[in-house]
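Have a look at the structure below, then the notes.
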Amino acid sequence: MNHDAQLKLQAYRDGELPAAEAAEVQSWLARDAEARSLLAELEHTAKALSGNEAELKLPESREFFWSKIEREIQRLEQPATRDPAREISWTAWVRQQFAPLAGLASLAIVLGLLIAHPGGRSSVADSGVIDLALASDDMGAHTFRDQDQRITVVWLDDRTQDSEFTTPEPFASVQPE
Amino acid sequence: MKRLSFLPVSVWLAMCVLAPAFCSQRAQGADLKVQAQLIWATNEPKSPNPKHHLLDEQDRLAAKLRNTYRWTNYFEINKTNVNIPVGSTNLVAISAKCKLEIANLGSDKVAIKLFGQGKEVGTLKDKVLAGWPLVLAGNSSNSNGWFVAIRKIDPKAADPQLRPESINATPAK
């Protein structure tokens with residue numbers, strides 16, 4: 001008996017053949033003892049399988065079981081999708097990690113300087129140089145900055161003792177009319 | 001932290017570089033509002049001119065002068081507030097015989113030219129900052145003294161006279 005004949009017999013046993021072919025197989029079985037023997041063997045095997053196959057019961061619902069499988073598939077597929085992102089250069093990584101920090105730190109420094117020294121106050125306090133040009137050689141001047149009092153004074157002296165500031169009527173020189 | 005990375009490094013750097021420059025530019029290009037004040041220093045309890053106003057203990061400038069000089073009384077003779085655009089010069093007649101030419105050089109720097117009895121005495125260039133008066137001074141007769149104080153007018157000033165709204169105020173007589 002060839003392989004095709006065996007498959008045809010199995011199909012007959014499973015009821016998968018059309019009526020015409022099933023009639024042919026019946027007549028074949030009536031004539032051939034080997035075919036009948038194989039059919040009996042197939043019947044036995046089918047009964048053994050259907051009667052003794054262990055039934056597997058899932059500990060969770062069907063939906064939960066499949067959702068677990070779905071999540072696991074997604075987890076396994078995720079590294080493949082993230083691979084291009086992982087291939088960024090180290091400069092990009094440094095920029096991503098430190099650029100915001102560097103920017104914030106720089107802004108904090110700038111704001112700190114602006115708050116601590118509004119209008120450049122420190123430049124006056126730190127620079128002791130006062131640019132003073134007197135119109136006459138008879139005039140003298142001395143200047144000082146008082147850091148505690150926060151005041152800059154330029155004291156003018158007339159060496160001739162003859163100016164509007166030192167004459168007997170000096171006050172009149174600055175007194176309003 | 002990830003939220004902040006939406007700005008590229010170049011933008012952060014530009015902000016850091018431009019922020020001080022912007023502030024500096026703003027200060028450089030702004031009008032300068034100053035107050036010029038003429039003060040007579042003496043140990044006399046009263047001024048010969050009753051219009052002169054005795055600066056009391058509450059006056060910050062007078063307090064600074066008291067802490068520095070031997071005179072006990074400081075009388076305000078005149079006071080004028082002026083607004084000087086950058087690059088401009090304002091002539092301030094602080095008394096009949098004392099005048100100031102104040103030039104705004106930008107960035108809070110001024111050039112103050114002092115005239116006494118019509119003659120130029122000298123020119124001072126310096127920064128004038130809020131809360132830090134720039135004072136020209138000298139001896140006067142009878143062991144008295146005179147002071148011309150230039151003060152920056154500041155919106156945050158405790159003294160209302162040193163706030164910007166006082167710019168159009170009538171000068172004290």
Practice item. Mind checking the CG-CG spacing from A/D131 to B/L124? Nearest 0.5 Å is all I need. Key: 7.5 Å
For [X] versus [Y], what's the shortest heavy-atom pair and its separation?
X: A/R150; Y: B/P133; value: O-CD, 3.2 Å
X: A/Q149; Y: B/A63; value: OE1-O, 4.5 Å
X: B/W132; Y: A/I151; value: NE1-C, 3.6 Å

Review point. Taking the side chain as C-beta and beyond, is there a heavy-atom pair between A/W155 and B/N139 under 4.5 Å?
Key: yes
In terms of heavy-atom proximity below 4.5 Å to chain A, should [X] be classed as side chain, backbone, both, or neither?
X: B/I112; result: neither
X: B/Y69; result: side chain
X: B/I150; result: neither

Does [X] have more than 12 heavy atoms from other residues, nucleotides or ligands lying within 6.0 Å of its [atom1]?
X: A/D137; atom1: CG; answer: no
X: B/R70; atom1: CZ; answer: yes
X: A/H142; atom1: NE2; answer: yes

[X] with [Y], same ILVMFWY side-chain cluster at under 4.5 Å:
X: B/V121; Y: B/V92; result: yes
X: B/L134; Y: B/V34; result: yes
X: B/L100; Y: B/V135; result: no
X: B/V148; Y: B/V128; result: yes

**Study point:** Residue that, paired with B/L136, satisfies side-chain contact (heavy atoms from CB on, under 4.5 Å) out of A/V153, A/V154, A/T143, A/T152
**Key:** A/V154
Practice item. Run the salt-bridge test on A/R145 and B/D126 with the 4.0 Å N-O cut-off and return the result as yes or no. Key: yes
